[in-house]
> 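Please read through the structure below; I'll follow up with questions.
All ligand and atom numbering here is 1-based and tracks the order in the structure. Quick caveat: nothing in here was measured; it's all calculated off a predicted structure.
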Amino acid sequence: MSLPPPGPDRAAVVTGASSGIGAEIARELARRGHQVVLVARTESKLAELAAELGEHAHVLATDLSDRDARAGLLDRIGELGLVPDVLVNNAGLSTLGPVHRSDPAAEANLLEVDVVAVVDLCSRFLPGMVERGRGAVLNVASTAAFQPLPGQAAYGGAKAFVLSYTQSLSGELAGTGVHATVLCPGPVDTGFGEAAGFERHDFETSLPSIMWVSAAEVARTAVDGMARGRIVVIPGAVNRAGAVFGRLAPRRLLVPLLARQHPGLR
Ligand SMILES: NC(=O)c1ccc[n+]([C@@H]2O[C@H](COP(=O)([O-])OP(=O)(O)OC[C@H]3O[C@@H](n4cnc5c(N)ncnc54)[C@H](OP(=O)(O)O)[C@@H]3O)[C@@H](O)[C@H]2O)c1
């Protein structure tokens, strides 16, 4: 069993649970009987979701770009009387536009949340899971992990890191009873595009409609993938084909094509 069974003192910790894919993953895990610990900055949204999910949901408002706040998370979960058997590193964001017009602080914040927090929480949560001989980690990357992404260069690089890192983790964890899965969604209609600075119309039309998968479907596929011990989960047949193309296409041709089409470079 790759996804540890739920228990009264066991919890699934979901970061970025205040909206979009993270909220749906929390709903999916709760539906399957897991207690969930909801993590993000916006406490009011976490409280709303916790009220919907009932007594088995807990709110730990945390800014994951804050290294001290991250360092305290495991103890705060312990104070709830819970052992984290499942860690979902879903919180994430993108910037938009060419690096030569970027804000250095925004780029550093992206790396802190999308990369450093993922590594930090894995380093902090995995020792206990390995010691107990059970656990599951889901790191959320993107289909952007399979090829460069001019117009969102730091985001593409960050997600490529998360993909490679999680695949390495899965190798290291073999035989420990702990499993690592990386989720690589294509486009999903959440607050993500708006937070990155896309115009709604540009975000919606940036990729063909057949590539879009709902956040609820992404969450269901992700949790099924964890339960089956899958290492890489890509929701949607078109996105799976796109990932193969993105991996194999010659960079010399692909990168200029992507740059011409990206709304952030117009
Ligand atoms: N939507 C897509 O098309 C798409 C495609 C591929 C991959 N993804 C990935 O899916 C994940 C979830 O994105 P989404 O689409 O669901 O976007 P979203 O609706 O914007 O959700 C992002 C979540 O991250 C949290 N977050 C951002 N900065 C944070 C910080 N400093 N500390 C704690 N939490 C923080 C946000 O909560 P607060 O603002 O309340 O802190 C929110 O809950 C991300 O990793 C994203 O890269 C999205």
Side-chain angles (χ1 to χ4, degrees), residues 13-28 36-50 59-70 72-73 88-96 105-106 108-118 120-121 138-147 149 152 154-163 165-166 182-198 200 202-209 211-219 221-222 232-236 239 242-243 246 263:
V13 180
V14 183
T15 75
S18 63
S19 72
I21 296 167
E24 291 299 338
I25 290 175
R27 285 191 179 98
E28 187 61 34
V36 287
V37 175
L38 310 174
V39 176
R41 291 167 303 179
T42 316
E43 191 161 11
S44 57
K45 288 194 195 170
L46 297 178
E48 216 172 286
L49 179 58
V59 170
L60 289 183
T62 310
D63 182 349
L64 292 170
S65 70
D66 179 332
R67 293 183 176 199
D68 292 337
R70 286 199 311 258
L73 198 53
V88 180
N89 278 311
N90 161 79
L93 66 135
S94 183
T95 52
L96 182 66
N109 178 60
L110 181 159
L111 290 180
E112 193 69 37
V113 177
D114 291 10
V115 174
V116 182
V118 173
D120 188 26
L121 295 187
L138 177 73
N139 290 332
V140 180
S142 163
T143 48
F146 297 104
Q147 81 272 310
L149 193 55
Q152 291 171 273
Y155 181 72
K159 294 304 183 180
F161 176 96
V162 173
L163 172 64
Y165 177 76
T166 312
V182 57
L183 171 66
C184 300
V188 187
D189 190 7
T190 63
F192 177 82
E194 206 181 331
F198 281 91
R200 177 136 196 97
D202 283 347
F203 189 59
E204 281 170 357
T205 54
S206 60
L207 289 164
S209 57
M211 294 176 78
W212 291 73
V213 178
S214 74
E217 182 59 30
V218 167
T221 310
V232 180
V233 174
I234 306 172
N239 292 322

> State the atoms of ligand 1, each with its element, that fall below the 4.0 Å cut-off from a heavy-atom position in T42.
38 (P), 39 (O), 40 (O)

> Which residue is it: V140, L121, V88? I am looking for the one with a side-chain contact (heavy atoms from CB on, under 4.5 Å) to T15.
L121

> Does D63 have a heavy atom less than 4.0 Å from any atom of ligand 1?
yes

> Quick test: of every protein heavy atom, which one is nearest to atom 18 (P) of ligand 1, and how far off is it to 0.1 Å?
S19 OG, 3.4 Å

> Measure the shortest side-chain to side-chain distance between T62 and R41 over non-hydrogen atoms and say whether it is less than 4.5 angstrom.
no

> Is the count of non-hydrogen atoms from other residues, nucleotides or ligands lying under 6.0 Å from E204 atom CD greater than 12?
yes

> Which protein non-hydrogen atom lies closest to atom 14 (P) of ligand 1, naming both residue and atom, and how far is it?
T190 OG1, 3.4 Å

> Tell me which one of S44, A222, G186, S142 gets a heavy atom nearest to atom 4 (C) of ligand 1.
G186

> Within the 4.5 Å heavy-atom criterion, are S94 and D114 side-chain neighbours or not?
no

> Starting from atom 25 (C) of ligand 1, find the nearest protein heavy-atom neighbour and note its residue, name and distance.
G16 CA, 3.7 Å

> Is there a heavy atom of K159 sitting under 4.0 angstrom from any atom of ligand 1?
yes

> Which is it for L38 and K45 under the side chain to side chain contact (heavy atoms under 4.5 Å, CB included) test, yes or no, and what are the steps along the way?
CA-CA 10 Å; L38 310 174; K45 288 194 195 170; over 6 Å; no

> What I want to know is whether L93 and ligand 1 share at least one N or O pair that is separated by under 3.5 angstrom.
no

> How far is atom 13 (O) of ligand 1 from the closest protein heavy atom, and which atom is that?
F192 CD1, 4.2 Å

> Which atoms of ligand 1 sit under 4.0 Å from any heavy atom of G92?
22 (C), 24 (O), 44 (C), 45 (O)

> With a 4.5 Å cut-off on side-chain heavy atoms, are R67 and D120 touching?
no

> Within a distance under 4.0 Å of any heavy atom of G20, pick out the atoms of ligand 1 and give their elements.
16 (O), 19 (O)

> Mark yes when over 12 heavy atoms from residues, nucleotides or ligands other than E217 sit less than 6.0 Å from its CD; otherwise mark no.
yes

> List ligand 1 atoms under 4.0 Å from L64, heavy atoms only on the residue side.
30 (C), 31 (N), 32 (N), 33 (C)

> For G191, take its heavy atoms, then give the atoms of ligand 1 lying under 4.0 Å from any of them.
19 (O), 20 (O)

> Please list the nearest protein heavy atom to atom 47 (O) of ligand 1 with its residue and the distance rounded to 0.1 Å.
Y155 OH, 2.6 Å

> Starting from the C-alpha separation in whole Å, work towards a yes-or-no answer on side chain to side chain contact (heavy atoms under 4.5 Å, CB included) for R70 and V39.
CA-CA 10 Å; R70 286 199 311 258; V39 176; over 6 Å; no

> Applying salt bridge (charged side-chain N to carboxylate O under 4.0 Å, His left out) to R27 and E24, what does each step give before you reach the verdict?
CA-CA 5 Å; R27 285 191 179 98; E24 291 299 338; 3.0 Å; yes

> Where's the contact between V113 and ligand 1, heavy-atom distance under 4.0 Å: side chain, backbone, both or neither?
side chain

> Between T62 and ligand 1, which residue portion shows a heavy-atom distance shorter than 4.0 Å: side chain, backbone, both, or neither?
backbone

> Can you report which non-hydrogen protein atom sits closest to atom 45 (O) of ligand 1, along with the distance?
N90 O, 2.8 Å

> Give yes or no for whether the N/O distance cutoff of 3.5 Å, strictly under, is met between P185 and ligand 1.
no

> Please write down residue, atom name and distance for the protein heavy atom closest to atom 3 (O) of ligand 1.
V188 N, 2.9 Å

> Assess the side chains of N139 and T166: does a donor N or O sit below 3.5 Å from an acceptor N or O?
yes

> Can you tell me how the ring of F203 sits relative to the ring of W212, calling it parallel under 30°, perpendicular over 60° and tilted otherwise?
perpendicular

> Looking only at distances, can you tell me whether any N or O atom of I21, backbone or side chain, sits closer than 3.5 Å to an N or O atom of ligand 1?
yes

> Does the side chain of C184 come within less than 4.5 Å of V232's, by heavy atoms?
yes

> Within the structure, does A195 bring an N/O atom to less than 3.5 angstrom of an N/O atom in ligand 1?
no

> Out of all atoms in ligand 1, which are within 4.0 Å of some heavy atom of P187? Include the element for each.
3 (O)

> Taking it one step at a time, do N109 and L93 satisfy side chain to side chain contact (heavy atoms under 4.5 Å, CB included)?
CA-CA 9 Å; N109 178 60; L93 66 135; 3.8 Å; yes

> Would you call N239 and P187 a side-chain contact if the rule is heavy atoms closer than 4.5 Å?
yes

> Looking at non-hydrogen atoms alone, which of E43, R41, R70 comes nearest to atom 27 (C) of ligand 1?
R41

> What protein heavy atom lies closest to atom 7 (C) of ligand 1? Include the residue and the distance to one decimal.
A141 O, 3.2 Å

> Within the 4.0 Å heavy-atom shell around S18, which atoms of ligand 1 are there?
36 (C), 37 (O), 38 (P), 40 (O), 42 (C), 43 (O)

> Test side chain to side chain contact (heavy atoms under 4.5 Å, CB included) on L163 and F146 and set out the steps.
CA-CA 8 Å; L163 172 64; F146 297 104; 3.5 Å; yes

> Quick one: which ligand 1 atoms are inside 4.0 Å of a heavy atom on V140?
9 (C), 10 (O), 11 (C)

